[in-house]
Amino acid sequence: MRGQASARFESIQGVKLVRWDVTQDQQSRLKDAPDTSDRSAKDDLVPAVERLLAGRSGSHWRLRRSSMWCSARQGSAPQLPAQGWKLHISASPANVDDLLARVVPVLARHAVVFKFAATRSGVAWLTGRDCGRAEFGKIITVYPEDEVYFRSLAIELDDATAGLGGPRVLSDRPVRPGSLVHYRYGGFSGDGGLDDDGVFRYVLVGPDGAVVEDRREASFTPPSWTTDPFPSIEPHESGAGRGVAVVLNERYEMRNAVRHSARGGVFLGTDLVTGQSVVVKQARAFAETDLNGRDARDRLRQEAATLRLLADVVPIPRVLDLFEAEGDVFLIEERVSGVPLRSWRHRIGGGTSSSGDPGGEAEPALEAMSGQLCRLVEAVHDAGYVIRDLSPTNVIVADDGKLHLVDLEHAAPIGDLVRASGTVAYQAPEVRGGGPLVRADPTEDLFSLGALLFLISTGSDPLLAADRPRTRTTQQRLEAWMSTQFAESPRDQQTHLDSALVVALLAERAQDRPQTSRIGELSTLEHGNSDPAVLPSSRRLLDDGLAQLVDSFAPDGGRAWPTGAFGDQTDPGNVQHGAAGVLDVLLRAYEQRIGPANLVDVAREAAAWLANLDPRRLPERPPLPGLYFGRAGTAWTLAHAGVLFGEQAWIDRAVSIAHSLPTAWGNPDVTHGLAGAGLAHLYLARLTGDSSLLARAAQYADAVVDAAEETPRGVMWPISAGAGSRLAGTVHYGFAHGVAGIGTFLLTAAGALNRPDYLMWASQAGLTMANVAIRENDGSAWWPVGPREAGLLPHWCSGAAGVGTFLFRLAAVTGDEQAVAGAVGATFAVQRTRWASLPSACHGLAGHGELLLDAAEFTGDSNYRDVAATFVPPMAVRAALRDGRYLVPDETGRDVTFDAGVGLAGVVNFLIRLHMGGTRSFLLDDALMTRVASWS
């Protein structure tokens, strides 16, 4: 359990309730689950269940509560098995009281263990669009003690809930068509461990002892050894999006899923009668049901009506059909050929300069698009409607350049009382902070319009992590952002007037935004509603970030530093999301003699915690060998701490971890696989002089060489199709998973082990990079993610920053001119995307800035260090002010987490190197320069 949990006990007629005031136990399994711990008494469902359980003869119930769930267990209930058939019962916020009144007495009579959503708002979340599809609809979970009992209880509960409505539980099957009672086979106790990607997975054990993953997906996927207890039930879920064509209404064939959500899907399809391309929207029965009983189906019908009303007002998709099938409602629209507004802006931004500002040729297109967007919004308002979800994905730029509005499910007549809606970063403050119902007001769209104009003008979403306490308005912060970005590349007077419009539209108070009729009067709008926010200096970001890392050390629940939803599922001792990555930054600060006075104490405590950590592994699985997600990075950091603090036990523990890592593995990459383990062994061998570690490093290098495949475009390193990894069968060019990272390891091994053959393979990796590079007229160089994956990224993980990291080192050893050209081209690529990139090391500015510092180090040109410093302002404009400290947000842009790969630690690491110098983390650059004369 995460966090310090304090419990208090209450009892009522044989019911003992344990209230866990701070816990994330079950909630941590749900992506973005709300914290409902401080809801009102009216919202609380636990008292009703207490009353239903109270006073039953011979029953002594114990209720254990978290913010999201409450579990119930009768005192004499037998110990549950580790796994089996479980029941899920769905409901809606409108009928959850009736459901509990019918179900709880049945469960109490059978003394069966169960859990339920603790609040009405939790029920709303579990049946709403934000809930993950695998958890959707699971209001009550029941744990029968055996399969015979399971069947009889399922039938009794089905009888008890007959006549009630609720959504389908997508991961389960219903016990009969239309039943609220669903079933699946899964774990009861939640046992599991880290898989071959270093991610926690729940597992099941078969009759033969074989371990398989407990797949918690949005489809019914029981393990192969089970027999369906209700085999006559047919699965009820469309196969569209899984390569299976589905025909609806005997006319519309849908195959490709645009998106899946709990409320329904959106699919591309074909009208088999006319041959026309169509969009198919699905609304599932009882999804997103409000207290009045209206659900997603009603809203889809309303969207169809709105589309018909606005058909002659603005460009929108035509409604072709609306019908019901198997309880769900489907809307068929014409398909608008074009791209979302965000994609169009990024495409226009292809001609950006190093400042991130659009070049001269793109400027007229941006101005024309801004004007067209303003006229579009004005036309909708003149027709008496509010769009209410005006976002970059809901505005399509058609092939002829005309804007079309799509996804008008939230549009409503002005003044109507409607549910709060909107998209993060584009939602007006008064809606974001309001209650569940609001009045549809044009000023809501005006804020969203200002946010869209910000995107068009800057190339970035207006995404900000919140200040705490809130001392700056969104308007102030975004004005400071625009002023800082545009100051680097002054633009013409018209564009600055556009900026004035953006600032006016982003006013915090709805009444301060210009009226709809004035949004076209650009020349009459002036600044004055806001004073731009003060932005922190680079050194302030470093000092505040380092202090926050020190103060946030909290090893009380299985992790040393808090992380995000995905990071919480990974090895708590790894580099990417865990303690090793953050501790590495503290050690580098200690070496530079910077940071708060208690940094040394925290670093020592963190190292001791890391030395004692033994993460849970799946049975019969060796530890993951990789440098970033695996245990190799843990060993590296622990040994580094041992040297700095004179703790031989930590060094010994690091060596022990290294010797436990497998030397045969299906993934040859740096982050998860062999190349990462090899780098760590080279580091440990140099640190300790242990020849056995050098021998193991050679084993890793030989295994990597054996995994190479020579192709017409150069040497590649595919991840084995038989690897127990979600990356199995893929081929990448980048540093994290592909050629660049593996080439760096072989280059390092060549010098450290005096092996010219490894240098040959590293040079072949460089040739691959030269063959697949995409060069542009401004000197920038880009690389695809892989031979079968589209997309040109600037990132360390799978793009230019990571490839350049390798090529600078290859050029330093070999003098290869193609490597020099590629490395320099990569620096131009990352400069071009500065203002459109998020801050993190793995996928953003910190990793890009590290490449520029590499360039300064390997070329001796200090101008590269000056360019690296220009990556700080795009971080500063995003920084959140938390209790007096400026903290750079993580890769989501919405929050501050501490991970080295995707959070604050990676940013601080870059800033330490920028201000104080030093080498690149988890690389051995001095070993690169160990040459044999005959290699030159």
Side-chain angles (χ1 to χ4, degrees), residues 536-553 560-561 575-576 578-604 606-607 628 633 636-637 639-641 643-645 683 796 801 805 808 830 839-842 844-858 862 864-876 878-879 885-891 896-926:
S537 67
S538 176
R539 186 56 196 243
R540 178 71 184 274
L541 290 177
L542 169 56
D543 292 340
D544 285 1
L546 194 53
Q548 191 70 21
L549 292 179
V550 170
D551 288 349
S552 300
F553 176 64
W561 278 272
V575 168
Q576 185 77 358
V582 185
L583 177 57
D584 171 71
V585 177
L586 299 187
L587 298 177
R588 288 172 178 275
Y590 171 70
E591 289 177 307
Q592 299 292 345
R593 298 297 186 264
I594 60 173
N598 61 333
L599 182 146
V600 174
D601 293 336
V602 169
R604 281 182 171 275
Y628 286 83
W636 187 313
T637 301
H640 187 190
V643 170
L644 289 182
F645 297 132
Y683 170 75
W796 170 86
T805 296
F808 268 121
V830 298
S840 75
C842 191
L845 293 164
H848 303 171
E850 293 273 17
L851 176 66
L852 271 298
L853 296 177
D854 284 352
E857 178 181 345
F858 284 100
S862 62
Y864 281 116
R865 180 170 290 275
D866 296 335
V867 176
T870 68
F871 285 77
V872 177
M875 296 178 177
R878 297 178 183 274
R885 289 174 180 162
Y886 285 101
L887 306 177
V888 178
D890 59 25
E891 68 173 358
V896 177
T897 53
F898 305 100
D899 311 14
V902 299
L904 182 62
V907 171
V908 172
N909 204 25
F910 160 65
L911 293 173
I912 291 174
R913 192 176 174 210
L914 176 67
H915 282 273
M916 313 301 296
T919 59
R920 187 87 174 258
S921 288
F922 301 108
L923 290 176
L924 294 169
D925 289 340
D926 53 346

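Here the structure is a predicted model, which means the values were calculated and not measured.
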Close side-chain approach of L852 to R865, heavy-atom, < 4.5 Å: no

Return the [atom1] to [atom2] distance between [X] and [Y], rounded to the nearest 0.5 Å.
| X | Y | atom1 | atom2 | value |
| --- | --- | --- | --- | --- |
| H848 | S840 | NE2 | OG | 7.5 Å |
| L599 | D601 | CG | CG | 9.0 Å |
| R540 | S537 | CZ | OG | 7.5 Å |
| T919 | L924 | OG1 | CG | 8.5 Å |
| M875 | L541 | CE | CG | 8.5 Å |

Please set out all donor-acceptor pairs under 3.5 angstrom arising from side-chain atoms of residues 908-915, sequence neighbours excluded.
{"from": "N909", "atom 1": "ND2", "to": "S921", "atom 2": "OG", "distance (Å)": "2.9"}
{"from": "R913", "atom 1": "NE", "to": "G918", "atom 2": "O", "distance (Å)": "3.3"}
{"from": "R913", "atom 1": "NH1", "to": "E850", "atom 2": "O", "distance (Å)": "3.4"}
{"from": "R913", "atom 1": "NH1", "to": "E850", "atom 2": "OE1", "distance (Å)": "2.6"}
{"from": "R913", "atom 1": "NH1", "to": "D854", "atom 2": "OD1", "distance (Å)": "3.1"}
{"from": "R913", "atom 1": "NH2", "to": "D854", "atom 2": "OD1", "distance (Å)": "2.8"}
{"from": "R913", "atom 1": "NH2", "to": "E857", "atom 2": "OE1", "distance (Å)": "3.1"}
{"from": "H915", "atom 1": "NE2", "to": "S538", "atom 2": "OG", "distance (Å)": "2.7"}

Quick one: ring-ring contact (aromatic ring centres under 6.0 Å, His included) partners of F808, sequence neighbours excluded? none

My understanding is that only residues two or more places apart in sequence, or in another chain, count here; which of them pass ring-ring contact (aromatic ring centres under 6.0 Å, His included) with Y864? none

Check salt bridge (Lys or Arg N to Asp or Glu O under 4.0 Å) between R588 and all other residues, then give those that pass, not counting sequence neighbours. D584

For R885, all residues meeting salt bridge (Lys or Arg N to Asp or Glu O under 4.0 Å), sequence neighbours excluded: D551

For A868 versus G849, what's the shortest heavy-atom pair and its separation? CB-O, 4.0 Å

Minimum-distance pair of heavy atoms, taken over all atoms of G906 and A841: CA-CB, 4.1 Å

Tell me, please, which residues at least two apart from [X] pass side-chain contact (heavy atoms from CB on, under 4.5 Å).
| X | value |
| --- | --- |
| A606 | F553, W561, L583 |
| P873 | T484, E488, W835 |
| A905 | L549, V582, V585, A900 |

What pairs meet the side-chain hydrogen bond (donor to acceptor under 3.5 Å, both in side chains) rule with one or both residues in residues 590-600, with sequence neighbours excluded? E591-H640

Give me each pair satisfying side-chain hydrogen bond (donor to acceptor under 3.5 Å, both in side chains) with a member in residues 897-907, each pair once, sequence neighbours excluded. T563-D899, H577-D899, D890-T897

Between L546 and L586, does the side-chain contact (heavy atoms from CB on, under 4.5 Å) criterion hold? Intermediate values first, please. CA-CA 8 Å; L546 194 53; L586 299 187; 4.0 Å; yes

